[in-house]
Amino acid sequence: MPELPEVHNFKLYFDAAATGQTIASVRVHDDYIIRNMSGPAFADALAGRTITGSLRRGKYLFAELDNGHSLLLHFGMTGDLNLYQDEVDRHKFERFALHFTDGNILGFDDPRKFARILYLHDRDTYIREIKLGPDALDISLQTWLTAVRGRKTTIKGVLLNQSILAGVGNLYADEICYRTRIHPAARVDSLTDEQLTSIHTETVAVMTYGTENAPYYKNYPENWFWHVWRQEGKPGPEGIGEVKITKVAGRTTYYVEGWQMLVE
DNA sequence: TGTGATGTTGAATG
DNA sequence: GCATTCAACATCAC
């Protein structure tokens with residue numbers, strides 16, 4: 001379920017569970033999601049290391065190790081963390097687990113195996129290599145405008161582009177478009193600076209609300225689009241317009257006809 | 001039982 | 001080289 005606010009929650013969970021902990025051993029059940037090492041090499045690299053903290057950027061969570069290296073956790077579509085002591089609490093789709101010296105176990109679950117786990121010598125080099133953009137919570141208006149002005153793709157396409165800004169995914173992109181009354185398929189070069197500014201404002205507002213309230217979607221305020229998301233044909237929030245489904249930037253997309261405009 | 005899924009990538013194309 | 005599009009990835013749930 002992970003977009004920026006959800007990964008923020010993972011960070012809180014991870015920090016409480018793992019910071020200051022020393023890894024006694026690593027149990028790997030399926031090394032498919034470990035993208036730059038074999039299972040045994042991964043276990044070897046982590047054994048004996050102490051976790052000193054973590055850094056989140058967009059949907060990427062970097063665990064910091066006492067040797068200056070990092071462990072990247074990217075949750076894909078279905079990644080999750082699970083702290084437990086007793087084997088009976090191990091989840092069915094755990095792919096690997098860190099066994100700490102105090103007996104606690106931190107499992108990484110991932111049914112669909114779209115997660116990406118990498119052992120990194122240098123986190124910042126990696127961030128440069130994948131061209132990961134500024135965090136969607138922090139991006140300045142100027143950086144945003146400079147990055148997107150004049151683009152020929154859709155507004156949803158740029159919101160999902162992690163090298164422009166990091167953290168927005170399919171659900172929040174629709175939420176942001178709904179709030180600004182802009183159709184997700186509107187071409188960026190058809191939008192005014194005012195509209196692009198409101199996209200920036202709402203992006204930061206949505207991400208901030210999500211991280212500060214650490215809620216689950218169903219707890220979001222009544223007037224959020226999320227509540228009618230995926231409910232094609234239903235009235236929009238507050239009874240205005242009608243929810244429609246389409247495809248934008250290769251992703252299933254919902255918007256409210258009669259509320260969101262496809263500017264020319 | 002076929003289809004779609006809160007994501008990213010690399011190849012192909014312009 | 002850059003911008004953009006899109007199929008592919010692996011598996012589960014409805």
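A quick note: this is a predicted structure, and the numbers were derived from the prediction, not measured. Letters A, B, ... are given to chains in the order of the sequence lines, protein chains preceding strands, and every chain is numbered from 1.
Phosphate contact (OP1/OP2 of B/dT8, side-chain N/O of A/H74, threshold under 4.0 Å): present. Dashed line: the shortest gap from a side-chain N or O of A/T252 to OP1 or OP2 of B/dA5 is under 4.0 Å.
Taking atom CD1 on A/I164 and atom P on C/dC2, their separation rounds to 14 Å, with Å as the unit. Taking atom CG of A/D174 as the reference point, atom P of B/dA5 lies 11 Å away to the nearest angstrom. Atom NZ of A/K156 is separated from atom P of B/dG7 by 9 Å (rounded to the nearest Å). Counting to the nearest Å, the C1' atom of B/dT6 and the CZ atom of A/R251 are 7 Å from each other. One atom, CD of A/E232, and another, P of B/dT3, lie 17 Å apart when rounded to the nearest Å. Atoms CG (A/L159) and P (C/dT4) sit 13 Å apart, rounded to a whole Å. Distance A/N170 CG to B/dT6 P: 6 Å, rounded to the nearest Å. Look at OH on A/Y254: it is 10 Å from C1' on B/dA5, rounded to the nearest Å.
A side-chain N or O of A/Q85 and one of A/N104 form a donor-acceptor pair less than 3.5 Å apart.
A/D80 has its side chain out of reach of A/D110: every pair of non-hydrogen atoms, C-beta onward, lies at least 4.5 Å apart. Here the side chains of A/L61 and A/S54 are in contact, with some heavy-atom distance below 4.5 Å. Residues A/P237 and A/V256 are in side-chain contact: their nearest non-hydrogen atoms beyond the backbone lie under 4.5 Å apart.
Nucleic acid contact class of A/R230 (heavy atoms, under 4.0 Å, all strands): base.
Residue A/F62 belongs to a hydrophobic cluster whose other members are A/L55, A/Y60, A/L72, A/L118, A/L120, A/Y126, A/I127, A/I130, A/L132, with links defined by side-chain heavy atoms closer than 4.5 Å. By the 4.5 Å side-chain criterion applied to Ile, Leu, Val, Met, Phe, Trp and Tyr, A/Y84 is assigned to a cluster that also includes A/I105.
B/dA11 sits 16 Å from C/dA10 when the P atoms are compared, rounded to a whole Å. Comparing B/dT1 with C/dC9, their P atoms sit 24 Å apart, to the nearest whole Å.
Ring to ring, A/H29 and A/F96 are not that close: their centroids are 6.0 angstrom or more apart. Ring centroids of A/Y255 and A/Y178 are separated by 6.0 Å or more, keeping the two rings apart.
Other residues, nucleotides and ligands place no more than 12 heavy atoms under 6.0 Å from the CD atom of A/E194.
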For nucleotides 5-14 of chain C, give me one character per nucleotide, 5' to 3': B if any protein heavy atom sits under 4.0 Å from the base, S if the only such contacts are to the sugar-phosphate, - if neither.
S---BBBS--
At under 4.0 Å between heavy atoms, how does the protein contact nucleotides 9-14 of chain B? Give one character per nucleotide, 5' to 3', with B, S or -.
S-----
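Cation-pi geometry between A/R179 and A/W224 is met: under 6.0 angstrom from the ring centre, within 45 degrees of the axis.
When base pairs are accepted only as Watson-Crick or G-U wobble with both N-N or N-O distances under 3.5 Å, DNA chain B takes part in stems of 3 or more pairs at B:2-5 with C:11-14, B:7-14 with C:2-9.
The stretch residues 30-46 of chain A participates, sequence neighbours left out, in these side chain to side chain donor-acceptor pair (under 3.5 Å) pairs: A/D30-A/K113.
Heavy atoms only, all atoms of each residue included: A/L159 and A/C177 are closest at CD1-SG, 4.1 Å.
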